[in-house]
Amino acid sequence: MLSSFSLGAEAARRHYRSHHHHLPTLPAAPPRALPYPQLPLPFEIPGAQYLPLAWADVKGWSNDDHLAAYKTFRASCRPINAQTGAPEPKALGASLNEPCRAAKTLELTDDAKARTFFEENFAPLRISRLGEPDGFVTGYYEPVLDGSRTQTDVYNVPVYRRPSNLFVRGYKQDSVSLPNKGPVYRKIGRRKLVPYYDRGEIEDGKIAGRGLEIAWLKDPTDLLFAQIQGSARIKFDDGGTVRLNYDAYNGYPYTAVGRVLIERGIIPKEEMSMQKIREWMAQNPDGAKELRRQNRSYIFFREVNLSDKDEAVGAQGIPLTAGRSIAVDKSLHVYGTPFFIEGELPIDSERSKTPFHRLMIAQDTGSAIIGPARADLYFGAGADAGRVSGRLRHAMHFVMLVPKGLDPSMRGARLPVPDPRPSEKIAKLFPQTDPAKTSTPAAAATQGKNETVATAGPVPLPVPRPAIEPASEPRRPAKNRPHRQQ
């Protein structure tokens, strides 16, 4: 039986449920004002640390060929000036538009004017991975290989174009240059997707005989290095040439065969180079086959219409410039960004320490290029470029050139500063504890009369848990149960 109070409460609830739509709507409380406006950070690259510099502090800046760097930068500006739509969601965003517009009509022929252009339009920013003092560089090039248009006893290593059953979510199957990261599938019928074949399966002939062969090479090691570089020139006996560029990969992460040789103790780390890998593979054909398969990643190529005088085309879609173009991490950086790279590299020979201080332009990317201060330096085509690039695995200083419109020191000056410290009168009402002054009794005795100091006593330890003997329970009389027949 409900009390009269319960009945009254229940009646009130029923009344509210039946009439709540007649009640006036209360205005929403205004948002609480924050002490500081929520402004975006002036400049942020994930996992990076940076330091604004003066041009005089950029070591080797005045000794570079700024005109050569300017010409490479202008080449990157052509696709940037033609861009439409929203900017990329990266630190630089669309900030390169302004210096690119300035460069569009500026035909410079003088090195001093080119240097002035960079100094007036950019601010230097030392950049590295968080917690590390330097960046890291490697080198790449375009191999020039002998090949055949048809399969022969000598030329029997196929160079494949992209198969029609290779599928990447979010892309049409005929899209040019699919991404070099993320999952890749083999389409079976209309709906079923399974991971694509790995290197071993493809080398064993899983896609052979489908008319995918662009050309044939002598040596599987030549194909492996062409795939690592991402482009190649194949010269035929009749004097013709075919130019190849990256078009797609099979979805497996890249494994550096050099690292495998180091881990197995076959080649010491300090002696590692592309030439050393080639020599070992030539001397150990069976071991080379097993080593190649450690790198399950496999690259498919497309033919590009370039003359022998043109350099390979980078991921930005323009021909690269030997000695000025670099590949960077596309998830962090914007194509066209200038980077001044400074240090010493073995350019002249394996043991040389050639001073290298050069303004490079980001125009390409690669699956192994990961991090805010990580670059692959492009050295051109042919065996000499291959020998130089194959020696590079070095720490270098990276200075990123940030457009003045995005100068972090200028934008940082507009960020709000904290409130001033409270007055002395208010501070006395809230005395502070200074552990350094309360460490000894002698120090405590020297405190002034107007100072309040909290003395920290020893932290008491918890009382040990008492040992309690469990009470013995009286034994119950056993019941006589008949045994079940087995």
Side-chain angles (χ1 to χ4, degrees), residues 129 132 134-146 156-159 180-181 197-204 217-232 246 249-301 327 329 343-353 365-371 374-379 382-396:
R129 190 190 292 271
E132 297 177 6
D134 300 311
F136 188 74
V137 302
T138 48
Y140 73 118
Y141 73 110
E142 186 181 21
V144 180
L145 307 170
D146 291 330
N156 58 5
V157 178
V159 181
N180 58 7
K181 294 177 184 177
Y197 301 120
D198 71 359
R199 176 177 294 276
E201 292 174 307
I202 294 171
E203 285 191 2
D204 288 342
L217 303 177
K218 292 179 184 177
D219 188 349
T221 303
D222 286 342
L223 176 62
L224 174 68
F225 281 104
Q227 291 175 324
I228 291 171
Q229 304 308 314
S231 63
Y246 169 91
Y249 90 129
N250 64 339
Y252 293 88
Y254 169 75
T255 300
V257 292
R259 192 185 312 135
V260 176
L261 292 172
I262 291 169
E263 289 170 354
R264 293 178 179 178
I266 295 171
I267 299 177
K269 185 177 181 180
E270 57 274 10
E271 295 180 15
M272 178 55 65
S273 70
M274 204 178 299
Q275 193 59 36
K276 289 280 186 185
I277 299 171
R278 272 190 176 278
E279 289 170 4
W280 185 87
M281 285 184 151
Q283 293 163 9
N284 301 273
D286 292 337
K289 181 178 180 180
E290 186 271 334
L291 182 64
R292 286 195 310 274
R293 290 167 183 242
Q294 294 296 312
N295 177 28
R296 300 178 72 189
S297 178
Y298 194 94
I299 302 299
F300 301 102
F301 291 101
D329 188 341
E344 292 179 336
L345 292 175
I347 302 292
D348 299 328
S349 68
E350 282 189 22
R351 300 191 180 277
S352 67
K353 293 185 177 180
T365 191
S367 58
I369 312 303
I370 300 169
R374 173 74 176 92
D376 219 3
L377 316 183
Y378 179 68
F379 281 93
D384 289 340
R387 276 189 287 273
V388 174
S389 61
R391 294 195 287 260
L392 303 194
R393 289 181 58 82
H394 290 72
M396 301 284 277

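Listed for the Asp198 side chain is no donor-acceptor partner under 3.5 Å among the backbone atoms of Asn250. Within the 3.5 Å criterion, the main-chain N or O of Pro346 finds a donor-acceptor partner in the side chain of Arg391. Gln229 places a side-chain N or O within 3.5 Å of a backbone atom of Tyr141 that can act as its donor or acceptor partner. Judged by distance alone, the side chain of Asn295 and the main-chain N or O of Ala256 form no donor-acceptor pair under 3.5 Å.
Phe379 CZ to Tyr140 OH: the interatomic distance, rounded to the nearest 0.5 Å, is 11.0 Å. Taking CZ of Arg374 as the start and CZ of Arg129 as the end, the distance is 9.5 Å to the nearest 0.5 Å. Distance check: Leu224 CG to Ile277 CD1 gives 8.5 Å after rounding to the nearest 0.5 Å. Here the OG1 atom belonging to Thr365 is positioned 9.5 Å from the CG atom belonging to Asp376, to the nearest 0.5 angstrom. Expressed to the nearest 0.5 Å, how far CD of Glu201 lies from CZ of Arg296 amounts to 7.5 Å. Here CZ of Arg293 is found 4.5 Å from NZ of Lys289. Values are rounded to the nearest 0.5 Å.
Leu291 has its side chain out of reach of Asn284: every pair of non-hydrogen atoms, C-beta onward, lies at least 4.5 Å apart. Counting only heavy atoms from C-beta outward, the side chains of Met274 and Ile228 never approach each other to under 4.5 Å. By the 4.5 Å heavy-atom criterion applied to side chains, Phe136 and Asp134 are not counted as neighbours. Proximity of Asp222 to Val157: side-chain heavy atoms (C-beta onward) are nowhere separated by under 4.5 Å. Side-chain atoms of Ile202 and Phe300, non-hydrogen and from C-beta on, do get closer than 4.5 Å to each other. Between Ile299 and Tyr254, every side-chain heavy-atom pair lies at or beyond the 4.5 Å cut-off. Under the 4.5 Å side-chain criterion, counting only non-hydrogen atoms from C-beta, Thr221 is not in contact with Trp280. Looking at Met281 and Arg292, their side chains come closer than 4.5 Å, going by heavy atoms from C-beta outward.
Heavy atoms only, all atoms of each residue included: Ile262 and Lys269 are closest at CD1-CA, 3.9 Å. Residue Phe301 comes nearest to Ala226 through the heavy atom pair CZ-O, 3.7 Å, listed as atom of the first residue, atom of the second, then distance. Residues Gly139 and Ser389 share a closest heavy-atom pair of C-CB, 3.4 Å. Among all heavy-atom pairs drawn from Ser231 and Glu142, the shortest one is OG-CG, 3.5 Å.
Side chain to side chain, Ser273 and Arg278 fail the donor-acceptor criterion of an N or O pair below 3.5 Å. Between the side chains of Gln227 and Arg199, at least one donor N or O lies within less than 3.5 Å of an accepting N or O.
Heavy-atom neighbours of Arg351 CZ from other residues, nucleotides or ligands within 6.0 Å: at or below the threshold of 12. The number of heavy-atom neighbours closer than 6.0 Å to NZ of Lys181, taken from other residues, nucleotides and ligands shown, is above 12.
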